[in-house]
Amino acid sequence: MIEKALLAATAGVCGALIGGTPTFIMTGFAGILAAVLEAAGVDGGFYNETVMNVFFLPAILFNGSVAATAYAARKYPINGWESWRSLLFTNDPMVYLAGALGGFGGYWVFSLAGYLGIPCDTGALTVLTIGLFCRLCLSTGRKYNPEGRTLLARLPGKVWLSHIIMAGCVSFATGWFALKTGYYTIAFSISALSLIFLIIDPGFPVTHHITITAGYAAMATGNIWASLVFGIIAELLCYSFTILFNDKCSTHLDPPAFAIFVCSLCLFVFFR
């Protein structure tokens, strides 16, 4: 376990050097590869246990970027919420140490949540926990968006409807595929990998909170309509959380992780 914890610290430094979004794209590729290996009948024990659940785990790799960026924003010309950026430009060992601590802390929170059997997506819980810790301890600015409630109240109905339609289509397709194949998390990996298009278009939709929630709903209930409903709920939670606690705030507090945590908690408590 100590060896894995040290590997997690190393992954945290890599997260700081690479940037949060690129690390998540890499996680998507690793997840697709895991599914291919499984379909081919290859024993993926070591790959899943160590590669997927330590080094490429967002709770570790992504958290390293979040923690390092929050720290770097105190000293360098970068915003604490710009966790997608590489921090190599700082050339600061203390920034890398912050990344190591983010990965190391993520490993232990993830492991403890699994040991305690908390009925939720423990990866999302860990990302949320480390992000909240960084917001409270490293933030030098806003902890939340004071205009958020007003902005939400003034949003036109067509904005909400567009999010519902998008989430409904993605979650229905995810649920259908999951029930037909038994691969409940592959759509999440595809969503993560698709974020490579953010490099081309910053407005490209983020859907991994929808696909993982829809997959969990299909797994827990065996019902495609449950996938549809929970996928839509995940998107509405993510969008609202973004406006209230991420936009115009000082560090990154991951909205998809919040949506996945809440929805998975409901699914794992009431449908398992």
Visitor: Quick check against the 3.5 Å criterion: does Ser250 have a side-chain atom that pairs as donor or acceptor with the backbone of Arg142?
Guide: yes
Visitor: Taking only residues two or more places apart in sequence, or in another chain, which ones meet Trp176 in a ring pair (Phe, Tyr, Trp, His ring centres under 6.0 Å)?
Guide: none
Visitor: Using the salt bridge (charged side-chain N to carboxylate O under 4.0 Å, His left out) rule, collect all pairs that involve residues 4-23, keeping only residues at least two apart or in two chains.
Guide: Lys4-Glu49
Visitor: Counting only pairs under 3.5 Å, give me each side-chain donor-acceptor contact of residues 217-234, with atom names and distances, residues two or more places apart or in other chains.
Guide:
from, atom 1, to, atom 2, distance (Å)
Thr221, OG1, Ala217, O, 2.7
Thr221, OG1, Asn223, N, 3.1
Asn223, OD1, Trp225, N, 2.7
Asn223, OD1, Ala226, N, 3.4
Ser227, OG, Ala214, O, 2.9
Ser227, OG, Ala218, N, 3.3

Visitor: Can you tell me if Ser191 and Thr211 form a side-chain donor-acceptor pair at under 3.5 Å?
Guide: yes
Visitor: Would you confirm whether Thr90, through its side chain, and Leu87, through its main-chain N or O, come within 3.5 Å as a donor-acceptor pair?
Guide: yes
Visitor: Is there any ring-ring contact (aromatic ring centres under 6.0 Å, His included) pair reaching into residues 7-30, and which pairs are they, with sequence neighbours excluded?
Guide: Phe24-Phe188, Phe24-His208
Visitor: So, Arg154 and Glu147, do they make that salt bridge, N to O below 4.0 Å?
Guide: no
Visitor: Could you list all the salt bridge (charged side-chain N to carboxylate O under 4.0 Å, His left out) pairs where at least one residue sits in residues 62-91, not counting sequence neighbours?
Guide: Lys75-Asp92, Glu82-Arg85
Visitor: Taking side-chain contact (heavy atoms from CB on, under 4.5 Å) as the definition, give me every residue that meets it alongside Leu155, ordered by chain and number, with sequence neighbours left out.
Guide: Leu152, Val159, Trp160, Tyr239, Ile243
Visitor: Search all heavy atoms of Leu7 against all heavy atoms of Val54 and return the closest pair with its distance.
Guide: CD2-CG1, 3.8 Å
Visitor: Is the backbone of Leu6 close enough, under 3.5 Å, to the side chain of Thr10 for a donor and an acceptor to pair up by distance?
Guide: yes
Visitor: For Phe204 versus Leu198, what's the shortest heavy-atom pair and its separation?
Guide: O-CD2, 3.5 Å
Visitor: Keeping the roles fixed (side chain from Ser264, backbone from Asp121), state whether a donor-acceptor pair exists under 3.5 Å.
Guide: yes
Visitor: Can we call the ring centroids of Phe62 and His252 under 6.0 Å apart?
Guide: yes
